[in-house]
Amino acid sequence: MKIKFSINGKEVELEVSPKKRLLDILREDLELIGTKEGCGKGECGACTVLMNGKRVNSCLIPALQLPGSHIVTIEGLQNWDSFNSIEKAYIEHGAVQCGFCMSGFVMSSAALLAESLPPISLEKIKWELAGNLCRCTGYEKIVEAVHDLSQRRELIQQIRNDWQNAFGVR
Amino acid sequence: MEVIYRPKTLNELDKIIRENKTDLTYLAGATDLMVQEERWKAASNLLDLSSIKEIYQTLEITESHVLIGSALPLSQIISNLTIQKKLPVLVEACRQIGSIQIQNRATLGGNIANASPAGDSLPVLSVLDAEIWIGPRNNGEFEKLKIDQVMLNPGETSLKDNRYIAFISIPFPREENQFWYFRKVGQRKALAISKVSLAVLGWIKNGTIEEIRISTGSVSPQVKRATETEAILNKHILNENLVEKARQSIIEEVAPITDIRSTDEYRRRICGELLREALYLRMAQ
Amino acid sequence: MKIDILNLWIIWILEIVVWNFILKKLNMNNNPRDFRVDAQEKLRGQTRYIADEKIPGLWFGGTVRSSHPRARILNIQFDPQFDWQSVVVVTAKDIPNNYVAMLENDMPFLAEEIVNYIGEPVVLIAAPDKEKLQQAVESVKIDYEPLPHVFDMLKSEACDVHIFGEHNLFKEILIEKGDLQTAKQKAYKEIEIETRTGFQEHLYLEPQAIVAIPEKDRIIIRGSMQCPYYIKNALDKMFDDKKHVTVIQSPTGGAFGGKEDYPSLIAGHAALLAVKSGHPVAIFFNREEDVKFTTKRHPSYQQSRAYVDKNGKLLGLDLKIYLDGGAYCTLSQVVLARAALTATGCYYVPNVRIHAKAVATNTVPSGAFRGFGGPQAIFGIEMLIEKIAQALDLPPQQVRRINLIEQGQETATEQVLKYSVSARQTFEDVLAESNFEKKFNQYATSNLPILNKLKKGKYPKQNKNDTLKGIGVCAFQHGAGFTGTGENKIQGKIRVELTKAGQPIIFSAQTEMGQGEQTAFKKILSEALSIDRNQVLLSEVNTDLVPNSGPTVASRSTMVVGSLLTDAALEIVQKLTGRLKNEFGLKYEYRHGYFYGGEKILPFQNVAKKYCDITVEKQYCHPPIIKFDDLKWKGDAYPVFSWAASVAEIEVDPITFEIKVIKYYTTHEIGKAINHDQAVAQIQGGSLQGIGYALYEKIELENGQFDVTGFTDYIIPTLTEIPEFHIKILENPYPFGPFGAKGLGELPFVGAAPAVVSALWMIFGKEFNQIPVLPENLYQSFKNIQTAEARRLN
């Protein structure tokens, strides 16, 4: 089937099988390999992307539901004004190890920061990011990085502006 | 070759069903469907319920009820301030389903249609006496069923011949003297399929239970009310003795199994413990 | 005797002198903000793991696997309905040398006559796309004659099923020291315990993935791996040295030992398919295949007996250790060795008998996993200590305290610990940091009313948030580097060259798998040369380019290979000053990044640019003071040990028996933290994996097959399970490690599970001797307490 949707701000039109997973469309048809497959069952979050302003597991989105959607992947997120700060926090807190889970975590972190009202507690961060699994880090430095980001009101505002630009919604 | 339907309205949907004698596979969030490899592979006539605005977006709140579209993502229910206030037990259950990524896609309709005894919203819909509105409409009317009339056995619903879940209507339980309890016990706190869950909704006045509704998850093939245990509690004074009687009753009333997640013995015991906790928490107030 | 002691003193003094001299020369920086060199790329999703690479003409390889635990292959049927021309098939007869080169060479790439475990590869298929591949795999039917099999590791030796040798014994080790009879006679008490540890799955986020690319005269292997030279060796042997094999490591998304030996098997598979088809072939496991058929941590069964005096001092230990190696040997011999050598834990024991066996069973072969036998052994000894404490009614920390080994004492192999011993320091430090004794008493008191109510069958909570609280301690160690003479057998080699721009470039076979190896190596060399970290380059890990520095395992990369880097730095400086002298007739001195000679001050880069033909090669061998007899199991089992102690504070919900680690204190002594921040990160990650091993990660065999399929039913900790981490790093330099560094990678894992389980002993006053402990297990244990209590009251 022919589907038309927006990916990282660009309109695309593809001919794909209606059951094809968004994850595969990203990696194969669009050659956006930043989104990873860890389990294929929505249980690890490595494939997290933003769809119509919400974070979702792209391994569980079928092509037939994509028409008219706005998708943002890590390749798009890195062009956001707020990305550098997010990236810097992760780097400076030493939160990256093998990196395979990272694009998923960054997407979920951006969503968390865009959606929540500061101050965001440690407990809330842990709960909200619990859909992303990591085997290397023990999560602690990821939490520290996100907690650090969550204290910065200007950054939160910036993320929300980026969000607004990407999805036109709050 | 798959046939895909993405109707825009309920009328379109009903028309497709009338004109179509093949078996339709309904999907909304697809989070349960797509992980069932065989089923997903075999599905050749797919109908996307989320393309119908009413079913996807409806969250209609009135004085007495809330009407929820069966394809409304759970996160919309969880974040709604009125629902948080009036149906906290529903929010508590939905919050614990999967992860935020899952909640942004998963739906009440899907939870019901999947008919898993471990479906976290089901015991709650049971105690809330939710009404499931089933289409297609007959003379403009939906068929209205309760949870235990829809969910027959694990993986099996009473929805034959392309009947679909359109809405879930939940009456707001009266607030005076109300107490509620929901607890899910899984292998971990997030991304966990429930081992045991318990939903309780009750009213207690001057130490006497006016009415109590109890429903368990993952410990019986069907999700239904623990009516025998309810009978022991209803109209009685809530005290330690009564709680012990109720605990022993619910342990007998459930029919848990041993599987990859837990043992029947543990599940049985925890059921009793959760009920006891629910009642003790209320007594402590 | 006297002469020996004198020699020792001389050696110690020499070491201290030499060490101080080196330290001054190298001037290590201690920067807590050590940002990783690979972080940005990973955060942007730009890192290309092998499945992200675009490889033109790529085909996909799949495996038809045995459905029997042990059987004779009678016939392989290819369904005539399927178009077999559209795919390529490989069976055992296509393989020149059908064995995966590893210790015993007993595992075939493909089963030929006999299959030995459910899942054993029998037929390989390559197809142009995944759908076709699946169809083809489903169109193969294998006829078997089932044979008797054995699943139980304790029955394996004596049974009639001969999987390996006469008695299914991959290896047997006997370590004896002193005289157990004396210990028995002097003992106040004999304490016994049986312990068990389960399988564990690595569950790296990136599943196994290898691509083989055939070229005219060579085959290129790329993918997710820890040890490119292991793969090269295996494929060289498989192809009978008739093909040039080039192995190139791709960015690797987690490994933990699971990509140490296993990739050699699938690399062989991919290579065979690639050669036969003429196409590049990818073998990319999906999660289920990975969980069901790749190597797991060796399950263990241990019988321990201690002879103690009335203070709990260990007079003798008699230990029997069994490891389940699965159907093929893989690394079981070395895992067993480490288990046996770690079995006395952090304690001094004068009389020891350790009898260890690794046995074969008809199950998926076990393999390397962080800790490598150490965790199993530490669990054994620490539970024994708990039992001693309980039997003698002594505080558990006290029993440990009086037995901790000191510098100058001998281990079970009579290795004199000459330097860098911190068992006591780490132990006392973590007890102090965690306020152990105070909390122990506090929790014992606060638990009483809850336990009483529980035992009587009453509602156990007074207040909503009442929980049972526990605190447990574990002392643990990890021998850094390869066991015994291993490093001298490997003789790891590195090379450092200078680019035309004057940048040093490191050629080593060490692999980055998330632990921070790239960052550490750049830091070590740049610090040693006093130049900016960005000036140091790392070669692609490609066996055509890099020498064999040994595998990235055994916590050896920083300590062993890193020490070659500091040596190389010294030699580079020597060579450069030599060149300057030859050219200018002046003696130059190198200080803090500059060459000083006469009136000239020359920055490193300029000089390096000028003489960029300079190459330095360094090869490792143990300092002569390290000696091990691997036939008698006597001597220096490891060049040095890293030490740690952990305290776990847990809460048990008295309603559901759910267990959560609330706080995790750990003090690690690792010689020198090359990158303090990333060392902390490794400790967090390893500790959480150890907590998973104790409380969540259940994987069991059901009729010879694993009962889990992936993230859904193999439960690892999520963000909601993490404790509050309190991590301290102590430094007690190892003279032969770079800047004093020892091994770190595995140590954090080793002590987490015993600390958690010790806390359960503390709460329930009962023996817990098996991991994982799930709420269901805890409930069963508790039921036994209740029954015992009821009997007591009656």
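Every chain is numbered from 1, with letters handed out A, B, ... down the list of sequences.
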Of the backbone (N, CA, C, O) and the side chain (C-beta and beyond), which part of [X] lies under 4.5 Å from a heavy atom of chain C, both, or neither?
X      : result
A:N79  : neither
A:E87  : both
A:A130 : both

Side chain, backbone, both or neither: which part of [X] has a heavy atom under 4.5 Å from chain A?
X      : result
C:N286 : neither
C:P251 : neither
C:L719 : both

Which one, [options], leads in non-hydrogen pairs under 4.5 Å with chain A?
options                        : result
C:M513, C:E512, C:Q46, C:K54   : C:K54
C:E288, C:Q678, C:Q689, C:E724 : C:Q689
C:R44, C:R287, C:Q684          : C:R44
C:T718, C:D52, C:L688          : C:D52

Indicate the atoms forming the closest heavy-atom contact of A:G138 with C:F725, along with that distance.
->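 For A:G138 versus C:F725, the nearest heavy atoms are O-CE1, 3.8 Å.
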
Compare every heavy atom of C:L205 with every heavy atom of A:A46, then report the nearest pair and how far apart it is.
->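 Heavy-atom minimum between the residues: CB-CD1, 4.2 Å.
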
Cationic N near anionic O, under 4.0 Å, C:E697 to A:R135 =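 The answer is yes: the pair qualifies as a salt bridge.
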
Check: C:A39 main-chain N/O paired with A:Y90 side-chain donor or acceptor under 3.5 Å |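 No; judged by distance alone, with no hydrogens or angles, the pair does not exist.
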
Any donor-acceptor N/O pair, C:Y49 side chain to A:F100 backbone, under 3.5 Å =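 Side chain of C:Y49 to backbone of A:F100: a pair is present.
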
Can you tell me if [atom1] on [X] sees more than 12 non-hydrogen neighbours from other groups inside 6.0 Å?
X     : atom1 : result
A:K4  : NZ    : no
A:K88 : NZ    : no
A:E13 : CD    : yes

For chain A, find its close neighbours in residues 252-259 of chain C: heavy-atom separation under 4.5 Å, sorted by number, or none.
-> C:T252, C:G253, C:G254, C:F256

Say you draw a straight line from CD1 of A:I91 to CG of C:D38; how long is it, rounded to the nearest 0.5 Å?
-> 9.5 Å

Taken to the nearest 0.5 Å, the spacing of C:I727 CD1 from A:E140 CD works out to 7.5 Å

Compare all side-chain heavy atoms of [X] with those of [Y] and state whether any distance is below 4.5 angstrom.
X      : Y      : value
A:Q97  : C:Q682 : yes
A:V96  : C:L43  : yes
A:K141 : C:V680 : yes

Determine the option with the most heavy-atom pairs under 4.5 angstrom with chain C, choosing from A:E128, A:R27, A:K41.
-> A:R27

Could you please state which residues from residues 29-39 of chain A sit under 4.5 angstrom from chain C, measuring non-hydrogen atom to non-hydrogen atom, sorted by number, or 'none'?
->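 Answer by number: A:E31, A:I33, A:G34, A:K36, A:E37, A:G38, A:C39.
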
Does C:Y204 have any ring pair (Phe, Tyr, Trp, His ring centres under 6.0 Å) partners at least two apart in sequence or in another chain, and if so, which?
->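 Once residues adjacent in sequence are excluded, the partners of C:Y204 under the ring pair (Phe, Tyr, Trp, His ring centres under 6.0 Å) criterion are C:H202.
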
With sequence neighbours left out, write down each residue that passes side chain to side chain donor-acceptor pair (under 3.5 Å) with C:S557, or none if nothing qualifies.
-> C:Q510

